[in-house]
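First the structure, in the form of structure tokens, and then the observations on it.
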Amino acid sequence: MEEFVELLKKKHITIATCESCTGGLLAAMLCDFSGISAVYKGSIVTYSNEIKEKIVGVDPKIIAEKGVVSEEVAREMALHTQKLMDVDLCISYTGNAGPDVCDNKPVGCVYCGVAFKDEVFCFEYMLKGSRNEIRHRVIEESIKKIKEILGNMTKECI
């Protein structure tokens, strides 16, 4: 995580998060680093569909058709929060950390949406473990991918 934060600061990449199943864990992890306020604007924890729809602007039809645990919802969360917070990068998470099946998705199914500049990416994870292990692992795994994407894209863009 330290390398990720240093990359954000070095490249002046502003960031926000929109978290559901991770419950604000990424936001808390970012705040562990001194100087993060130079790039971190904030987070929205959207544990309920109501907040996803009313605050973030996720289309209720997408939730009804695809389910809240879906790539489409993760993308909407990232894109709408990126615009709302006026940041370069927004990371979103929606998924099922357990203990029961949700939206016909098994425990451990998590989607991470990444809106960076004008690009949107989405990653699906099928993780095993306790609720907290799933929450930590999805952040750890997704940050690795996001660092790689940012490293490749910022060579040309910034």
Side-chain angles (χ1 to χ4, degrees), residues 1-9 12-60 62-63 66-103 105-116 120-147 149-150:
M1 182 64 75
E2 187 172 356
E3 287 177 19
F4 176 66
V5 169
E6 289 306 314
L7 176 64
L8 296 175
K9 291 178 357 185
H12 307 286
I13 299 169
T14 56
I15 182 172
T17 64
C18 186
E19 302 181 66
S20 186
C21 65
T22 51
L25 182 59
L26 178 56
M29 292 169 82
L30 290 170
C31 290
D32 284 342
F33 292 91
S34 163
I36 193 66
S37 62
V39 292
Y40 176 59
K41 287 202 176 179
S43 179
I44 302 172
V45 178
T46 62
Y47 222 66
S48 74
N49 290 355
E50 178 183 17
I51 300 303
K52 287 176 183 69
E53 295 168 8
K54 290 183 179 178
I55 304 296
V56 176
V58 174
D59 187 340
I62 291 176
I63 292 174
K66 301 294 182 177
V68 71
V69 179
S70 66
E71 175 179 339
E72 292 82 1
V73 170
R75 285 177 181 276
E76 288 250 318
M77 289 169 63
L79 274 171
H80 290 296
T81 304
Q82 179 191 37
K83 290 176 185 153
L84 184 67
M85 299 260 192
D86 190 26
V87 293
D88 300 314
L89 171 67
C90 183
I91 303 169
S92 71
Y93 297 100
T94 184
N96 182 6
D100 301 314
V101 170
C102 170
D103 266 357
K105 300 290 175 128
V107 172
C109 178
V110 182
Y111 293 89
C112 172
V114 180
F116 178 62
V120 185
F121 306 90
C122 195
F123 308 109
E124 179 185 32
Y125 296 91
M126 298 299 282
L127 305 167
K128 298 210 180 297
S130 69
R131 286 177 61 79
N132 280 336
E133 288 169 339
I134 290 168
R135 292 170 60 228
H136 281 85
R137 285 199 48 224
V138 74
I139 290 171
E140 179 183 312
E141 293 299 317
S142 63
I143 293 299
K144 285 179 193 174
K145 285 185 179 181
I146 296 165
K147 274 189 341 192
I149 290 168
L150 292 179

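For the pair Val138/Phe123, no side-chain contact is recorded, criterion being any heavy-atom separation below 4.5 Å from C-beta on. Residues Val114 and Ile149 are not in side-chain contact: their nearest non-hydrogen atoms beyond the backbone lie 4.5 Å or more apart. The shortest distance between side-chain heavy atoms of Ile139 and Met1 falls below 4.5 Å. Between Ile91 and Ile143 the shortest side-chain heavy-atom distance falls below 4.5 Å. Looking at heavy atoms from C-beta onward, Ile62 lies in side-chain contact with Val73 at the 4.5 angstrom threshold. Contact annotation: the side chain of Val5 never approaches that of Glu2 to less than 4.5 Å [non-hydrogen atoms, C-beta and beyond]. Put simply, the side chain of Val68 does not reach to within 4.5 Å of the side chain of Val58, judged on heavy atoms.
Listed here is the closest heavy atom pair of Thr94 and Val69: OG1-CA, 4.1 Å. Residues Tyr111 and Ala74 share a closest heavy-atom pair of CB-CB, 3.8 Å.
Counting non-hydrogen atoms of other residues, nucleotides and ligands closer than 6.0 Å to NZ of Lys66 gives a total of 12 or fewer. Taking a 6.0 Å sphere around CD of Glu6, one finds it holds more than 12 heavy atoms contributed by other residues, nucleotides or ligands. Open room surrounds NZ on Lys54; 12 or fewer heavy atoms of other groups in view lie less than 6.0 Å from it.
Using a cut-off of 4.0 Å between Lys/Arg side-chain N and Asp/Glu carboxylate O, Lys144 and Glu141 are scored as salt-bridged.
Taking CZ of Arg137 as the start and CG of Leu127 as the end, the distance is 5.0 Å to the nearest 0.5 Å. To the nearest 0.5 Å, the span separating CD1 on Ile13 from CG on Leu150 amounts to 4.5 Å.
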Table please: side-chain donor-acceptor pairs of residues 21-35 below 3.5 Å, with sequence neighbours left out.
unit_1	atom_1	unit_2	atom_2	d
Thr22	OG1	Glu19	OE1	2.7

Taking it one step at a time, do Tyr93 and Cys112 satisfy side chain to side chain contact (heavy atoms under 4.5 Å, CB included)? CA-CA 5 Å; Tyr93 297 100; Cys112 172; 3.7 Å; yes
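With sequence neighbours left out, Glu140 forms a salt bridge (charged side-chain N to carboxylate O under 4.0 Å, His left out) with no residue at all. Under the side-chain contact (heavy atoms from CB on, under 4.5 Å) criterion, Met85 pairs with Ala16, Ile44, Thr81, Val87, sequence neighbours left out.
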